[in-house]
Enquirer: 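Structure below; questions to follow.
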Amino acid sequence: IPGYSSFVDKNWKNMAIFYVAIAPEGVGKIRTLPYFKDPFVSYNLTLNDRINLALGLKDLCKMLLNANAKQILPSIIDSNIITKNKDIENLPKIINSKKSNLFSVHLFSSCPIGDNVEKCAADSTGKVYGHKNLYVCDSSTIPSATGVNPQGPLMYLTYNFLEMFKKDL
């Protein structure tokens, strides 16, 4: 939150970062840009996505206060610090993308796997089409955002990919 950097600098050892995850209706795009080595990622959130983020933020704040959090600093421009349940009522009903720090923790579906070479970057073992010894095994192979931490599905994919990969050795 702008204006709180000195507060954060002094108190970071007693702070934690939490986030709200949703399974969005919106879609994103990943593009390469000339002269840049990193991809450009854009995402279009629907109205329902922004409402679900707002509801999730309110639920997260309630949970944190019930767990004895002293202060919550929502990542929304011009938002007040939340110290009690009544403060939660002042949070927006719809998240404004331009006033909020929104991010994607994992890039999903940028390298979909499957048997259709026209639509998929790699086969079901993670082997990238058109390349001899190139495999992909990360959240980019999952077809869409899970709405929750993807650690379980990624561990499953990794285990299966490695088992199949060992057979090819």
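The figures that follow rest on heavy atoms only: side chains count, while hydrogens, waters and symmetry mates do not.
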Enquirer: What distance do Ser97 atom OG and Tyr43 atom OH have between them, rounded to the nearest 0.5 Å?
Expert: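 Nearest 0.5 Å value for the OG-OH distance: 11.5 Å.
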
Enquirer: Quick one: are Asp123 and Ile113 in side-chain contact, heavy atoms under 4.5 Å?
Expert: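 A side-chain contact is absent here, since even the closest heavy-atom pair is not under 4.5 Å.
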
Enquirer: With rounding to the nearest 0.5 Å, note down the distance linking NZ in Lys58 to CD in Glu89.
Expert: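 Separation between the atoms: 8.5 Å.
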
Enquirer: In Å and rounded to the nearest 0.5 Å, what is the OH to CD distance from Tyr129 to Glu118?
Expert: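 Between atom OH of Tyr129 and atom CD of Glu118 there are 10.5 Å.
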
Enquirer: As a quick check of understanding, evaluate side-chain hydrogen bond (donor to acceptor under 3.5 Å, both in side chains) for Thr46 and Asp49, giving each step before the final call.
Expert: CA-CA 5 Å; Thr46 67; Asp49 293 338; 3.2 Å; yes

Enquirer: Kindly indicate whether the side chain of Leu73, heavy atoms from C-beta on, has any atom under 4.5 Å from the side chain of Phe7.
Expert: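 Side chain of Leu73 against side chain of Phe7, heavy atoms only: contact under 4.5 Å found.
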
Enquirer: May I ask whether Leu45 and Ile76 are part of the same hydrophobic cluster, defined by side-chain heavy atoms of I, L, V, M, F, W, Y residues being less than 4.5 angstrom apart, directly or through others?
Expert: yes

Enquirer: So, taking the atom named NZ in Lys167 and the one named OG1 in Thr125, what distance separates them when rounded to the nearest 0.5 Å?
Expert: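 These two atoms lie 10.5 Å from each other.
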
Enquirer: Between Tyr19 and Leu60, is any pair of side-chain heavy atoms under 4.5 Å apart?
Expert: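 A side-chain contact under 4.5 Å is absent here.
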
Enquirer: Test Val136 against Asp138 for side chain to side chain contact (heavy atoms under 4.5 Å, CB included), laying out the working first.
Expert: CA-CA 6 Å; Val136 62; Asp138 62 14; 3.8 Å; yes

Enquirer: Quick check on the hydrophobic clustering: are Leu57 and Ile22 connected, directly or via other members, by side-chain heavy-atom contacts under 4.5 Å?
Expert: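 In one cluster with Leu57: Ile22, yes.
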
Enquirer: Considering residues, nucleotides and ligands other than Asn116, do more than 12 of their heavy atoms fall under 6.0 Å from its CG?
Expert: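 Atom CG in Asn116 is packed in, count exceeds 12.
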
Enquirer: Is there a path of hydrophobic side-chain contacts, each under 4.5 Å between heavy atoms of I/L/V/M/F/W/Y residues, joining Leu65 to Met63?
Expert: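 In one cluster with Met63: Leu65, yes.
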
Enquirer: Does Ile82 share a hydrophobic cluster with Val20, counting links as ILVMFWY side-chain heavy atoms below 4.5 Å and allowing steps through other members?
Expert: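 Shared cluster, yes.
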
Enquirer: State, with a plain yes or no, whether a side-chain heavy atom of Ser100 is found less than 4.5 Å away from one of Ile77.
Expert: no

Enquirer: With rounding to the nearest 0.5 angstrom, report the OG to NZ distance, Ser79 to Lys99.
Expert: 9.5 Å

Enquirer: So Leu157 and Ile142, side chain to side chain contact (heavy atoms under 4.5 Å, CB included) or not? Walk me through it.
Expert: CA-CA 9 Å; Leu157 277 173; Ile142 296 175; 3.9 Å; yes

Enquirer: Indicate the atoms forming the closest heavy-atom contact of Pro153 with Pro150, along with that distance.
Expert: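 Of all heavy-atom pairs spanning Pro153 and Pro150, the closest is CD-O, 3.2 Å.
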
Enquirer: Dump the intermediate steps for side chain to side chain contact (heavy atoms under 4.5 Å, CB included) on Ile72 and Ile81, then the final yes or no.
Expert: CA-CA 6 Å; Ile72 302 168; Ile81 293 177; 6.0 Å; no

Enquirer: Are any of the side-chain heavy atoms of Asp87 and Thr83 separated by less than 4.5 Å?
Expert: yes

Enquirer: Please report the shortest heavy-atom distance between Pro112 and Lys119, naming the atom on each side.
Expert: CG-O, 3.5 Å

Enquirer: Would you check if Pro74 and Leu91 make a side-chain contact, meaning some heavy-atom pair closer than 4.5 Å?
Expert: yes

Enquirer: Tell me whether the count of non-hydrogen atoms from other residues, nucleotides or ligands lying under 6.0 Å of CD in Glu25 goes above 12.
Expert: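 Count over threshold, so yes.
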
Enquirer: What's the spacing between Leu154 CG and Ser140 OG if we round to 0.5 Å?
Expert: 9.0 Å

Enquirer: Is there side-chain contact between Ile88 and Lys62, with at least one heavy-atom pair below 4.5 Å?
Expert: yes

Enquirer: So do Arg50 and Lys93 actually touch side chain to side chain, heavy atoms under 4.5 Å?
Expert: no

Enquirer: Report the C-alpha distance between Leu64 and Phe18 in whole Å, list the side-chain angles of each, state the deciding distance to 0.1 Å, and finish with yes or no for side chain to side chain contact (heavy atoms under 4.5 Å, CB included).
Expert: CA-CA 9 Å; Leu64 291 171; Phe18 294 90; 3.7 Å; yes

